[in-house]
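In the text below, chain A, chain B and the rest are named by the order of the sequence lines, each starting its count at 1. Since the model is a prediction, treat every value here as computed from it, not as a measurement.
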Amino acid sequence: RKEVEQDPGPFNVPEGATVAFNCTYSNSASQSFFWYRQDCRKEPKLLMSVYSSGNEDGRFTAQLNRASQYISLLIRDSKLSDSATYLCVVNMYSGGGADGLTFGKGTHLIIQP
Amino acid sequence: EAGVAQSPRYKIIEKRQSVAFWCNPISGHATLYWYQQILGQGPKLLIQFQNNGVVDDSQLPKDRFSAERLKGVDSTLKIQPAKLEDSAVYLCASRRGTSGSNEQFFGPGTRLTVL
């Protein structure tokens, strides 16, 4: 079983629509959770952190369900500029300071005019 | 503030050749990471440094990959000899502190093609 699983898509969504992505993670000891955005041939950039209480940043809402080991991202009123790959990321802090990120394969989103 | 710098941006080599990549993290960032991103996959951690010490190299193929960060600033990643399956983007990332709460910032990557 992969450590972080997400639907690779692509998701083709009309501009203005709401779209939701999900991912699941296998390691219950994971401690931090993130969504990263990666544009074509660019480096990943942090979109937002994810908390059990849920958090919102403008049109973006992220939610963590620790019991189900499930992370979600909701994008409202989607824009053409939201077209990108969205990477689900978990972090497990190991002894000695090891804290490299574990990434899913990414979900490819295409917003259509 | 300047971001993470990497060079070269692109490299094409033949299998069994050697190659080296360079990373200059954001000034003052103590922690540095190298990730490998194969086409269609998410990045995979290869090695993590805190200052000039290795914290985690459990996923580094040590028979052919090596990395160093001698003065706790710049880092180099080397592949010797390269295989076809090493074709990927090699991403360097840095983080300010030595605890996990700060954001990791990624460089633009080095795109390696092994023929």
[X] atom [atom1], over 12 foreign heavy atoms within 6.0 Å:
| X | atom1 | answer |
| --- | --- | --- |
| B:Lys62 | NZ | yes |
| B:Glu14 | CD | no |
| A:Glu15 | CD | yes |

With a 4.5 angstrom heavy-atom cut-off, which part of A:Gln6 approaches chain B: side chain, backbone, both or neither? neither
For a quick test of reading the model, state the closest non-hydrogen atom pair linking [X] to [Y] and the distance between them.
| X | Y | result |
| --- | --- | --- |
| A:Leu87 | B:Gly42 | CD2-CA, 4.3 Å |
| A:Leu101 | B:Gln104 | CG-NE2, 3.4 Å |
| A:Ala98 | B:Asp56 | CB-CB, 3.8 Å |

Heavy-atom proximity to chain A below 4.5 Å, by part of B:Gln41: both
Side chain, backbone, both or neither: which part of B:Gln59 has a heavy atom under 4.5 Å from chain A? neither
Counting a contact as any heavy-atom pair under 4.5 Å apart, which residues of residues 41-54 of chain A contact chain B? A:Arg41, A:Glu43, A:Pro44, A:Leu46
Under a side-chain separation threshold of 4.5 Å, the hydrophobic residues clustered together with B:Val114 are B:Ile13, B:Val19, B:Phe21, B:Leu32, B:Trp34, B:Leu46, B:Ile47, B:Phe49, B:Val54, B:Leu60, B:Phe65, B:Leu77, B:Ile79, B:Leu84, B:Tyr90, B:Leu112
Among the clusters formed by ILVMFWY side chains lying less than 4.5 Å apart, do [X] and [Y] turn up in the same one?
| X | Y | answer |
| --- | --- | --- |
| A:Val19 | A:Leu74 | no |
| A:Phe11 | A:Phe60 | yes |
| A:Val4 | B:Leu39 | no |

Is a side-chain N or O of B:Tyr35 found less than 3.5 angstrom from the main chain of A:Gly100, in a donor-acceptor match? no
